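Written out below as structure tokens is the structure these notes cover.
All values below were derived from every heavy atom in this structure, side-chain atoms included, with hydrogens, water molecules and symmetry-related copies excluded. Numbering of ligands and ligand atoms starts at 1, following listing order. All of these numbers come straight from a predicted model, not from anything done at the bench.
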Amino acid sequence: MKKYNFYAGPAILPQEVFKEASQAVLDFNGMGLSILEISHRSAEFQAVMDEAYELVRELLTLPDHYEPMFLQGGASGQFGMIPMNILGDNETAGYVNTGNWAEKAIKDAKLYGNVTLLADSSDKNYSYIPKEYSIPTDLKYLHITSNNTVRGTQYHSLPDTEVKLVADMSSDIFSRPLDIKKYGVIYAGAQKNMGPAGTTLLIVDKNFLNEPVRPLPNMMNYQNHISKKSSYNTPPAFAVYVSMLTLRWVKAQGGVKAMAKKNIEKSTLLYNEIDNNELFFGTTAKEDRSQMSVTFKLQDEELTNTFLEKCAEAGCVGIKGHRSVGGFRASIYNAMELEGVKTLVDVMKDLGSKKG
Ligand SMILES: *Cc1c(COP(=O)(O)O)cnc(C)c1O
């Protein structure tokens, strides 16, 4: 039976990518060797890394002074690595707290410099993106989480400031075009919208990122990863390879503009059902609704198990909400087809008619 994967992460990837990746595990490019066993210094793997870099540059139209990197340690590793490299002891960074991930980023930043909490949506369970707040012009950077994977909120416009943004885009990178010049650093764990778990994409503005502000172990120092093109040590070769295949797929689909169009279509379909079906309600402010992480609840929680059973019968898996918030969450990343969302909507409609 066909499954529709709504898990938040690790998450759905295109079937074509799974097929090609599994072939490469057996025999990569007709070499008679697996992608898993070749040297990361080989010409064959370096071609993979080169293409991954090229695809990131092309899909996000990066100017030359921006540099991608494929690192390890997850998006969580970047919560500390960013301030460690950039934020001096006496300098101040601004953070906006839109939920779990931002909170963790704030905690780590405080280890290295001053943190100003510019805005915080915890007063309403992180159900919205704060918009009215003033931003000091002397901040080293302003940190935002572009999509709150857990709560289902997403920035649809950026803070109005000349201060460089540092953005955790783990759950919406490559889902839509972005205004790259506003960013000093973008980071994203691959396993939501870009590839398998095991690598984290960094994109840095080299004019913004100078030598680290304090002595650092080599692996923590961005300059080493930039100068060695993500091969300072053994890179997460397979994760980079599968991410590269996924980016090839994004390009073949028409790039991030085409992704955005599809993502709007899918999320609109689902939110319309949430709003029109009297059994359900959305949990976030309408203007801040995420096109990737759609959160909702049942009016009558007693229907939870029935709903989840019907989802399972229709092949829809992974829609239980994050353990910290309950309810439901449909993660509808790039690789989720419209058909999957239609199937989920049909289950919701069906539940409604059974009750009414
Ligand atoms: C999943 C997620 C993280 C954590 O990613 P790891 O790669 O597991 O460290 C951080 N930020 C956001 C927005 C996420 O969705």
| query | With respect to Glu337, which candidate in Lys262, Lys266, Lys3 satisfies the salt bridge (Lys or Arg N to Asp or Glu O under 4.0 Å) definition? | reply |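 Considering Lys262, Lys266, Lys3, a salt bridge (Lys or Arg N to Asp or Glu O under 4.0 Å) with Glu337 is found only for Lys262.
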Can you tell me which residue and heavy atom of the protein come closest to [atom], and the distance to 0.1 Å?
atom: atom 4 (C) of ligand 1; value: Trp101 CZ3, 3.4 Å
atom: atom 5 (O) of ligand 1; value: Ala75 CB, 3.5 Å
atom: atom 9 (O) of ligand 1; value: Ser76 OG, 2.6 Å
atom: atom 11 (N) of ligand 1; value: Asp168 OD2, 2.6 Å
atom: atom 15 (O) of ligand 1; value: Thr149 OG1, 2.4 Å
atom: atom 14 (C) of ligand 1; value: Lys192 NZ, 2.9 Å

| Nearest non-hydrogen atom to atom 7 (O) of ligand 1 belongs to which of Gln191, Met169, Gln78? |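 The residue whose heavy atom sits nearest atom 7 (O) of ligand 1 is Gln191.
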Validation row: [X], [Y] side chains within 4.5 angstrom (heavy atoms):
X: His40; Y: Asn233; value: no
X: Thr246; Y: Phe174; value: no
X: Ile129; Y: Asn148; value: no

| Whether Phe70 and Tyr53 hold their rings parallel, tilted or perpendicular, with breakpoints at 30° and 60° |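 Ring orientation of Phe70 relative to Tyr53: tilted.
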| request: Just let me know how Asn147 lines up against ligand 1, side chain, backbone, both or neither, with a heavy-atom cut-off below 4.0 Å. | output: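 Backbone only.
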| query | Would you say Lys104 touches ligand 1, if touching means a heavy atom closer than 4.0 Å? | reply |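 No; Lys104 lies far enough from ligand 1 that no heavy-atom distance drops under 4.0 Å.
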| said: So which atom in Ser324 and which in His322 form the shortest heavy-atom distance, rounded to 0.1 Å? | reply: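 So the minimum-distance heavy-atom pair works out to OG-ND1, 2.7 Å.
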| query | Taking Glu51 for the side chain and Met244 for the main chain, is one N or O donor matched with an acceptor at less than 3.5 Å? | reply |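 No, the answer is negative, given that no donor and acceptor are paired below the 3.5 Å cut-off.
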| request: Please confirm whether the backbone N or O of Asn147 pairs with a side-chain atom of Ser171, one donor and one acceptor, at under 3.5 Å? | output: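 Here the side-chain-to-backbone pair exists.
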| query | Of all the atoms in ligand 1, which lie at a distance below 4.0 Å from a heavy atom belonging to Gly74? | reply |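 Numbered from 1, ligand 1 contributes 7 (O), 9 (O).
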| Under 4.0 Å from any heavy atom of Ser170, which atoms of ligand 1 are there? |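 Ligand 1 atoms under the 4.0 Å threshold to Ser170: 10 (C), 11 (N), 12 (C), 13 (C), 14 (C), 15 (O).
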| So is Gly189 polar-close to ligand 1, meaning N/O to N/O under 3.5 Å? |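 Between Gly189 and ligand 1 (N or O atoms, distance only) the closest approach is not under 3.5 Å.
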| field | Thr145-ligand 1 polar pair, N/O distance under 3.5 Å | value |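 No; the residue has no nitrogen or oxygen that sits under 3.5 Å from a nitrogen or oxygen of the ligand.
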| task | Before giving the answer on ring-ring contact (aromatic ring centres under 6.0 Å, His included), spell out for Tyr95 and His143 the whole-Å C-alpha distance, their side-chain angles and the decisive distance to 0.1 Å. | result | CA-CA 5 Å; Tyr95 277 70; His143 183 281; 4.7 Å; yes
